[in-house]
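Written below as structure tokens is the structure these notes are about.
Computed from a predicted model, the values in this text were never measured in an experiment.
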2 protein chains.
Amino acid sequence: MTGNRDMTAETDFLRPLVTVDVVILTLKDGGLQTLLMKRAAEPFRGDWALVGGYIHPEEDDDLEAAARRILGVKAGIAAPYVEQLQGFGDRRRDPRGWTVTFAYVALIASEGMMLSKGANADSVAWWPVAGSGVEPALAFDHTRILAAAVTRIRNKVEYTSLPVHLMPPCFTLTDLQRVYEQILGRPMDKSQFRRRIAEAEFLEAVPGEFRLASNRPAQLYRIRAGLSTIFFDRTI
Amino acid sequence: MTGNRDMTAETDFLRPLVTVDVVILTLKDGGLQTLLMKRAAEPFRGDWALVGGYIHPEEDDDLEAAARRILGVKAGIAAPYVEQLQGFGDRRRDPRGWTVTFAYVALIASEGMMLSKGANADSVAWWPVAGSGVEPALAFDHTRILAAAVTRIRNKVEYTSLPVHLMPPCFTLTDLQRVYEQILGRPMDKSQFRRRIAEAEFLEAVPGEFRLASNRPAQLYRIRAGLSTIFFDRTI
DNA sequence: CCAATAGTGTCTTTCAGACATTATAAC
DNA sequence: GTTATAATGTCTGAAAGACACTATTGG
């Protein structure tokens with residue numbers, strides 16, 4: 001943004017191509033899954049890629065708005081939780097030359113997610129995340145971006161309340177513990193887990209709401225209004 | 001990066017302007033200071049701004065390379081530690097319209113830093129950071145970027161070895177503790193501090209090197225070769 | 001009654017925090 | 001010897017981890 005030269009003079013032909021790519025994550029079938037699209041155009045036609053697009057200066061107020069619009073238009077998803085991951089830019093990620101992208105991560109609850117109906121329905125699919133990637137090779141440098149996203153989320157789950165964004169509106173404490181365990185890949189102590197959640201005070205019991213089964217009924221909880229992600233003092 | 005439309009068709013006039021801005025931080029006179037440049041061109045001519053510039057696709061291999069080149073050319077600094085902070089982009093940060101920037105943070109040791117000699121020497125200055133900003137109003141949204149950088153670094157100091165990048169090549173453990181204390185703004189227990197540093201195993205004693213004074217000599221330490229920033233198990 | 005899961009209590013070990021003590025230089 | 005800071009040791013209270021126990025439903 002600084003510099004002595006005139007802006008337009010230097011940038012008319014050096015301006016790199018700018019995109020926004022979104023790593024969409026959910027918890028399905030006991031593990032993390034990510035939403036990918038099959039590319040219809042060159043380059044990398046036919047390859048799987050992150051959901052992405054261009055900034056629309058007339059419509060988008062800022063980068064996050066662009067990410068949310070792309071999420072809605074291309075994947076039919078309105079994600080409550082979107083966070084910027086990292087910028088990527090070099091001369092090799094796109095065969096056409098120097099490009100940059102702003103990578104975002106979106107977390108959505110596995111229930112109530114709608115894939116875009118219509119034209120490109122068969123070119124959109126959920127892929128299970130194994131390790132920090134998916135089975136198919138991805139277009140551009142999307143393998144690297146996906147890996148960075150999965151690593152970031154796994155790390156953050158250790159010390160934040162981030163998994164609540166993967167939950168339906170109401171859930172039991174045991175449900176939440178299962179989600180933590182699935183992402184972290186290790187069992188957790190029930191008593192300790194509940195102590196932490198209670199201390200953090202980011203959930204509230206839904207009065208009179210219980211999940212019934214052939215055992216003691218479980219209290220349902222929801223996120224306290226107006227709260228964003230909580231950072232625990234230490235680890236969960 | 002995805003999308004069905006042809007790339008050039010959509011982007012010829014929508015391509016936003018891309019810059020790289022670097023928040024340069026050091027520890028001077030007992031506190032954080034940041035390097036700012038006085039703008040010579042419109043917009044915001046005469047205002048203080050972060051050190052920044054455009055990507056040079058022919059020279060720069062990737063975004064970080066661009067940040068390092070800008071650091072060298074505009075501020076005469078070769079910073080060993082550079083990390084990407086965050087991308088910023090909206091239609092209001094630049095009066096000329098939608099622009100994006102990749103913000104980086106560079107940490108440098110207070111000793112051995114050289115300001116660029118010559119033409120723009122009087123337009124470059126160190127400013128003390130008070131709270132999470134500096135005294136003058138900055139160009140563009142640089143006040144916000146600087147605040148984000150300071151917050152990020154302060155937080156990371158709590159649980160990483162990041163302050164070693166603010167140290168000269170050799171230093172005593174007491175020196176390092178002073179740096180932590182200055183950034184965090186609170187005193188720390190010597191015994192505990194040394195336990196943490198020893199556990200993390202990212203420093204090594206320089207054999208036979210001591211700082212002499214009218215007291216017991218202090219062992220000098222350096223960063224162990226090949227190590228990047230260490231994350232402590234908990235807090236420092 | 002039993003089976004199954006929800007939810008809480010208790011004990012032990014570990015470790016952070018506070019503080020004390022010893023070490024080694026200059027003078 | 002004194003002074004000043006380096007470096008290490010010790011004690012205590014709080015919290016993490018492991019585990020046991022009680023609660024409440026359906027069948």
Using whole Å, what does the distance between atom [atom2] of nucleotide [N] and atom [atom1] of [X] come to?
{"X": "A/Leu176", "N": "C/dA6", "atom1": "CG", "atom2": "P", "answer": "13 Å"}
{"X": "B/Met188", "N": "D/dA6", "atom1": "CE", "atom2": "P", "answer": "16 Å"}
{"X": "A/Ile197", "N": "C/dG7", "atom1": "CD1", "atom2": "P", "answer": "13 Å"}
{"X": "A/Gln219", "N": "C/dG7", "atom1": "CD", "atom2": "P", "answer": "7 Å"}
{"X": "A/Arg211", "N": "D/dG26", "atom1": "CZ", "atom2": "C1'", "answer": "16 Å"}
{"X": "A/Phe210", "N": "C/dA6", "atom1": "CZ", "atom2": "C1'", "answer": "11 Å"}
{"X": "A/Phe193", "N": "D/dG17", "atom1": "CZ", "atom2": "P", "answer": "14 Å"}
{"X": "B/Gln177", "N": "D/dT5", "atom1": "CD", "atom2": "C1'", "answer": "12 Å"}

Check this for me: does any side-chain nitrogen of one of [X] and [Y] sit under 4.0 Å from a carboxylate oxygen of the other?
{"X": "A/Glu64", "Y": "A/Arg68", "value": "yes"}
{"X": "B/Asp175", "Y": "B/Arg178", "value": "no"}
{"X": "A/Arg144", "Y": "A/Asp90", "value": "yes"}

Exercise for review: Determine, for nucleotides 17-27 of chain C in 5'-to-3' order, which nucleotides have protein heavy atoms under 4.0 Å from the base (write B), from only the sugar-phosphate (write S), or from neither (write -).
Suggested key: BBB---BBBS-
Review point. So B/Phe232 and B/Tyr180, would you call those rings parallel, tilted or perpendicular, with 30° and 60° as cut-offs?
Key: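 Correct class here is tilted.
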Check your understanding: Is there any salt bridge (Lys or Arg N to Asp or Glu O under 4.0 Å) pair reaching into residues 123-138 of chain B, and which pairs are they, with sequence neighbours excluded?
Key -> none
Review point. Taking only residues at least two apart or on different chains, which pairs with a member in residues 220-233 of chain B satisfy side-chain hydrogen bond (donor to acceptor under 3.5 Å, both in side chains)?
Key: B/Glu204-B/Arg222
